[in-house]
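All values below come from the heavy atoms of this structure, side chains included, with hydrogens, waters and symmetry mates left out.
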There are 2 protein chains.
Amino acid sequence: MTDAPRDRTDQSLIALRRILRATELYSRDLAQSAGLTPAQLRVLQITAARDGSATPKALATQMGVSQATVTSLLDRLEARGLAKRERSETDRRQMNVLLTQSGRNAVSTAPDALQQRYVSAFEKLKDWEQAQLLASLERVAEMLNADDMDASPVLTTGEIKGPTGT
Amino acid sequence: MTDAPRDRTDQSLIALRRILRATELYSRDLAQSAGLTPAQLRVLQITAARDGSATPKALATQMGVSQATVTSLLDRLEARGLAKRERSETDRRQMNVLLTQSGRNAVSTAPDALQQRYVSAFEKLKDWEQAQLLASLERVAEMLNADDMDASPVLTTGEIKGPTGT
DNA sequence: GCAATTTCGTTCGATCATCAAACTAACCCA
DNA sequence: TGGGTTAGTTTGATGATCGAACGAAATTGC
């Protein structure tokens, strides 16, 4: 009973962990090389990816942290002149987070190392290999995501799935 | 409707990010459900995986954090009776980190949710699909790990080296 | 054998991330 | 108009993380 098909499950888990580990360690170096913390860089990246504008709420949701945390991250980024806040015109409760020129610089100065490395390797693959890899990754993502974990930038009205029910 | 024939590279990156995101958010819930922080849980898990004994140095290396950080994590775990430290006999500079019964409990009480979810899905796949998925994951892990995982410098706009010399 | 060096872990001081709870301001609905 | 809801902040607390300085043990050089 040593190496049954069980083995494959384990191996795939190990591979998955290697992927996670590599990217995690990477993201730290990456942020550091831009003089930022991982969390701060993520705020900038997400904002940049959203066309340079985002609300704290959206950031909190997408990052999976509380709004209070986002406030504190924004405070720091603003203090360093990487982002700025502006009241929304249409809904004056909301703030629009905008990147400054410095902020945009920081984002492009810190190219996503994971992305770079991965992309260059991916594009060296043969066509059918790419297709295969893509299918596999999507499958894994599905397997992990199961339910709709919110990948959408837009806010969905409705309650927040919180395990703590009051 | 959703996607125009987007580039495969992009799509695979998106899938990869979904994987990372899912696992990251997951690991937080997971640790919390065990009354621990993610970092603390990882110390316990790594120690458990090493047969219940590890040195701070080894933990620091594997986790990718400084030794000082490990010291502080161990202080907390020890204070809560989840782990304990013992001087090594063979090399009295070293400490052996050991799990207490509580510590072992905590590890098994916090089943790796990611693992659970993934495993059950994986094992539902057809045999050839499993093989395919495994191959793909290992490939991606390779792509990310690349032999020279050194803290690569910043930018390097444009050209990207390909040290894929097997 | 002994001084110099390296390795292992800790302490200290500082910065940052993170949260919950309480709070303000704005929106919305009836 | 007022009650309920939503967006964001403030506050106070805990924890993760690091670098630098440190002590102790091992290793190396000679």
Side-chain angles (χ1 to χ4, degrees), chain A residues 24-25 27-29 31-44 53-80 82-97 154-160 162-166, chain B residues 24-25 27-29 31-44 53-80 82-98 151:
Chain A
E24 187 202 328
L25 295 184
S27 81
R28 271 190 252 176
D29 286 355
Q32 234 166 21
S33 78
L36 296 167
T37 64
Q40 288 170 2
L41 178 56
R42 224 175 336 148
V43 168
L44 297 183
S53 167
T55 64
K57 173 82 167 176
L59 287 166
T61 303
Q62 186 158 356
M63 295 176 67
V65 300
S66 74
Q67 229 168 355
T69 299
V70 171
T71 293
S72 116
L73 290 171
L74 289 176
D75 284 348
R76 289 181 222 285
L77 291 173
E78 204 166 20
R80 292 182 48 184
L82 297 168
K84 61 177 190 276
R85 285 184 261 212
E86 263 178 24
R87 269 230 132 59
S88 159
E89 286 304 319
T90 57
D91 182 341
R92 302 191 52 75
R93 288 169 306 179
Q94 289 188 350
M95 298 299 280
N96 284 325
V97 178
V154 196
L155 307 189
T156 48
T157 42
E159 73 269 6
I160 302 170
T164 45
T166 304
Chain B
E24 187 201 329
L25 295 183
S27 80
R28 271 189 251 176
D29 287 355
Q32 232 166 23
S33 79
L36 296 167
T37 65
Q40 288 170 3
L41 178 56
R42 222 172 342 144
V43 168
L44 296 183
S53 167
T55 65
K57 173 79 167 179
L59 287 166
T61 302
Q62 185 157 356
M63 295 176 68
V65 300
S66 74
Q67 233 170 338
T69 299
V70 171
T71 293
S72 118
L73 291 171
L74 289 175
D75 285 347
R76 288 182 222 284
L77 291 174
E78 204 167 19
R80 293 181 49 183
L82 298 167
K84 60 176 188 275
R85 284 184 262 212
E86 266 179 22
R87 267 229 134 59
S88 160
E89 286 303 320
T90 58
D91 182 342
R92 302 189 53 74
R93 289 170 306 180
Q94 290 187 350
M95 298 298 281
N96 284 324
V97 178
L98 305 171

Nearest-Å distance for atom pair [atom1]/[atom2], residues [X] and [N]:
{"X": "A/E78", "N": "D/dG8", "atom1": "CD", "atom2": "P", "answer": "13 Å"}
{"X": "A/L59", "N": "D/dG8", "atom1": "CG", "atom2": "C1'", "answer": "12 Å"}
{"X": "A/L74", "N": "D/dT9", "atom1": "CG", "atom2": "P", "answer": "7 Å"}

Cut-off 3.5 Å, no hydrogens considered: what does the side-chain donor-acceptor table look like for residues 67-77 of chain A, sequence neighbours left out?
unit_1 : atom_1 : unit_2 : atom_2 : d
A/T69  : OG1    : A/S66  : OG     : 3.2
A/T71  : OG1    : A/Q67  : O      : 3.2
A/D75  : OD1    : A/R85  : NH2    : 2.3

For A/E24, side chain to side chain donor-acceptor pair (under 3.5 Å) partners two or more places apart:
A/R28

Any residue meeting side chain to side chain donor-acceptor pair (under 3.5 Å) with B/R93, in chain and number order, not counting sequence neighbours
B/D91

Would you list the atom pairs, donor with acceptor, under 3.5 Å between side chains in residues 55-63 of chain B and any protein atom, with sequence neighbours excluded?
unit_1 : atom_1 : unit_2 : atom_2 : d
B/T55  : OG1    : B/A58  : N      : 3.1
B/T61  : OG1    : B/K57  : O      : 3.0
B/Q62  : OE1    : B/R50  : NE     : 3.4
B/Q62  : OE1    : B/R50  : NH2    : 3.4

Answer with base, sugar-phosphate or nothing: what part of the nucleic acid does A/S88 contact at a heavy-atom distance below 4.0 Å?
nothing

Reckon B/R85 touches a base, only the sugar-phosphate, or nothing at all at heavy-atom distances under 4.0 Å?
sugar-phosphate

If every non-hydrogen atom of A/R92 is compared with every non-hydrogen atom of A/E89, which pair is closest and at what distance?
CG-O, 4.1 Å

Pairs touching residues 58-71 of chain B that satisfy salt bridge (Lys or Arg N to Asp or Glu O under 4.0 Å), sequence neighbours left out:
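Checked against salt bridge (Lys or Arg N to Asp or Glu O under 4.0 Å) - neighbours excluded - no pair reaches residues 58-71 of chain B.
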
Shoot me the first and last contacting nucleotide of DNA chain C against chain A, ordered 5' to 3', at under 4.0 angstrom to non-hydrogen atoms.
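From 5' to 3', the first and last contacting nucleotides are C/dC16 to C/dC27.
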
Got B/R87 and B/Q94 here, is their nearest side-chain heavy-atom distance under 4.5 Å?
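B/R87 does not reach B/Q94 side chain to side chain.
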
Filtered N/O pairs between nucleotides 15-20 of chain D and protein, under 3.5 Å:
unit_1 : atom_1 : unit_2 : atom_2 : d
D/dA16 : OP1    : B/T37  : OG1    : 2.1
D/dA16 : OP1    : B/Q40  : NE2    : 3.3
D/dA16 : OP2    : B/Q40  : NE2    : 3.4
D/dA16 : OP2    : B/R76  : NE     : 2.8
D/dC18 : OP2    : B/S66  : N      : 2.6
D/dC18 : OP2    : B/S66  : OG     : 3.1
D/dC18 : OP2    : B/T69  : OG1    : 2.8

For A/R92 and B/M95, find the nucleotide of DNA chain C closest to each by heavy atoms; which residue's nucleotide sits nearer the 5' end?
B/M95

Just to verify, what does A/S53 make a side-chain contact (heavy atoms from CB on, under 4.5 Å) with, not counting sequence neighbours?
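Result, side-chain contact (heavy atoms from CB on, under 4.5 Å) vs A/S53: A/N96, A/L98.
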
